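Each chain gets a letter, A, B and so on, in the order its sequence line appears, and its residues count up from 1. This one's a predicted model, so the numbers in the text were calculated from it and none came from an experiment.
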Amino acid sequence: MANSFFISVPETFDFKHCLSYLARSPREVLHVCNGNEVTKLVRGKDRNILFRVTNTKRRLQVSVLNTSLTKDIKAAVESYVREWFDLDTDLEPFYALASRDRHLKVLVKEYYGYRIVGQPDLFESLVWAVIGQQINLAFAYTLKQRLVEKFGEQITIDGTTYYLFPEPRALADVNPDDLLTLQFSRQKARYIVGLAKSFASGEISREKLEAMPPDERMGALLAIKGIGTWTANYVMMRTFRHRTALPLGDAGLNAALRRALKLDRKPTAEEVLRVFRRYRGWEAYATLYFWKSL
DNA sequence: CGCCAGGTTAGAG
DNA sequence: CTCTAACATGGC
């Protein structure tokens with residue numbers, strides 16, 4: 001196909017595990033999974049780009065669906081896909097460590113090639129994490145769907161509608177009370193509008209945080225109203241690809257460790273930290289595989 | 001019905 | 001510093 005190109009992938013990459021993560025909720029509206037492929041709309045420099053990724057032997061096939069494949073568009077989409085599917089991380093050291101660990105051994109075997117599916121857009125990442133605070137994941141997806149359908153751009157091609165996550169500008173002037181009708185709590189509505197204002201004004205941006213050393217970046221995230229240690233670590237993991245990010249206190253991580261450690265209650269923070277001492281340098285990937293075990 | 005969900009904040013002790 | 005109520009609602 002003239003509009004497609006290929007990206008070779010590491011041996012320690014398995015598209016199907018990443019795809020099953022992307023397909024985990026029927027209410028996901030920011031990409032469309034279908035069999036062995038996923039289709040997504042992203043913002044390009046001059047226009048929005050719709051592309052589809054599918055798996056072939058040792059390569060990903062990427063097709064651009066709504067425009068011709070110029071050099072610039074190819075470069076942009078390739079870079080997005082590499083980032084999205086975490087193709088540039090060398091997982092060998094983690095697998096060497098994990099294969100000697102009684103908890104992770106079986107998980108890295110079963111989900112070999114699974115990687116941290118990224119969330120390159122910092123605003124989206126923060127809002128999504130705030131939405132997910134203290135509610136079950138099914139409800140979090142419902143809230144995100146309502147937010148995206150109400151405030152995000154969309155295009156319809158061949159009968160399927162594709163959405164972009166709302167831009168900060170689209171949410172900055174919203175009255176937080178208007179989000180209550182979408183069933184956001186007052187507190188979350190305020191956090192989200194506050195985030196939108198900070199991004200719209202340029203006070204916070206991915207570029208600014210990217211330029212900071214990791215400690216300072218964490219501090220900048222924690223200074224935002226609504227961002228606590230869990231959210232900051234979640235975003236460090238999915239957006240900034242910090243291998244040592246550890247969302248301590250996470251309900252899913254607690255549930256997975258409760259099972260792995262055969263406890264009759266959720267583990268304490270100290271117990272989680274004790275287990276994670278063995279994964280030093282790879283905390284984010286250990287977390288990822290524990291989540292996958294649920 | 002009760003309790004926990006991919007927690008955080010402000011305020012009290 | 002640690003502890004707690006409040007937040008809003010879905011799912012088991």
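By the rule that hydrophobic residues join a cluster once side-chain heavy atoms approach within less than 4.5 Å of another member, A:Trp84 and A:Phe6 end up as members of separate clusters.
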Run the side-chain hydrogen bond (donor to acceptor under 3.5 Å, both in side chains) test on A:Glu110 and A:Tyr289 for me, step by step, so that the C-alpha distance in whole Å, both residues' side-chain angles and the decisive distance to 0.1 Å come before the verdict.
CA-CA 10 Å; A:Glu110 182 161 5; A:Tyr289 280 82; over 6 Å; no

Let me see the working for A:Ser4 and A:Arg52 under side-chain hydrogen bond (donor to acceptor under 3.5 Å, both in side chains), right down to the final yes or no.
CA-CA 9 Å; A:Ser4 72; A:Arg52 177 167 293 159; over 6 Å; no

Please walk me through it: do A:Asn48 and A:Tyr162 pass side-chain hydrogen bond (donor to acceptor under 3.5 Å, both in side chains)?
CA-CA 11 Å; A:Asn48 299 330; A:Tyr162 302 93; over 6 Å; no

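In this structure the side chain of A:Leu65 never reaches within 4.5 angstrom of the side chain of A:Ile157, judged on heavy atoms.
For the pair A:Met237 and A:Gly226, both in contact range of DNA chain B, the more 5′-proximal nearest nucleotide belongs to A:Met237. When each of A:Ile135 and A:Tyr191 is assigned the nucleotide of DNA chain B with its nearest heavy atom, A:Ile135 is the one assigned upstream, toward the 5' end.
Heavy atoms of A:Lys225 sit under 4.0 angstrom from primed sugar atoms or phosphate atoms, though from no base atom. Across all strands, A:Ile227 comes closer than 4.0 Å only to sugar-phosphate atoms, never to a base (heavy-atom distances).
Residue A:Thr142 places no side-chain N or O under 4.0 Å from the OP1 or OP2 atom of C:dT9.
A donor-acceptor contact under 3.5 Å is formed by the side chain of A:Asn136 with the base of C:dG10.
Each of A:Tyr141, A:Phe123, A:Phe165 was scored for a ring-ring contact (aromatic ring centres under 6.0 Å, His included) with A:Trp128, with one residue passing: A:Tyr141. No option in A:Tyr21, A:Tyr114, A:Phe15 other than A:Phe15 meets the ring-ring contact (aromatic ring centres under 6.0 Å, His included) test with A:Phe85.
Between A:Phe276 and A:Trp282, the distance separating the two ring centers is not shorter than 6.0 angstrom. A:Tyr279 and A:Tyr285 have their aromatic ring centers separated by at least 6.0 angstrom.
No salt bridge links A:Glu203 with A:Lys197; every basic N to acidic carboxylate O contact stays at or beyond 4.0 Å.
Residues of residues 248-263 of chain A having a heavy atom closer than 4.0 Å to DNA chain C: none are found. Listed by residue number, there are no residues of residues 116-133 of chain A with a heavy-atom contact under 4.0 Å to DNA chain C.
For the residue pair A:Arg27 / A:Thr142, a side-chain donor-acceptor distance below 3.5 Å is found, with atom types taken as modelled.
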Between the protein and nucleotides 5-7 of chain C, which nitrogen or oxygen pairs come in under 3.5 angstrom?
from: C:dC7; atom 1: O2; to: A:Gln187; atom 2: OE1; distance (Å): 3.0

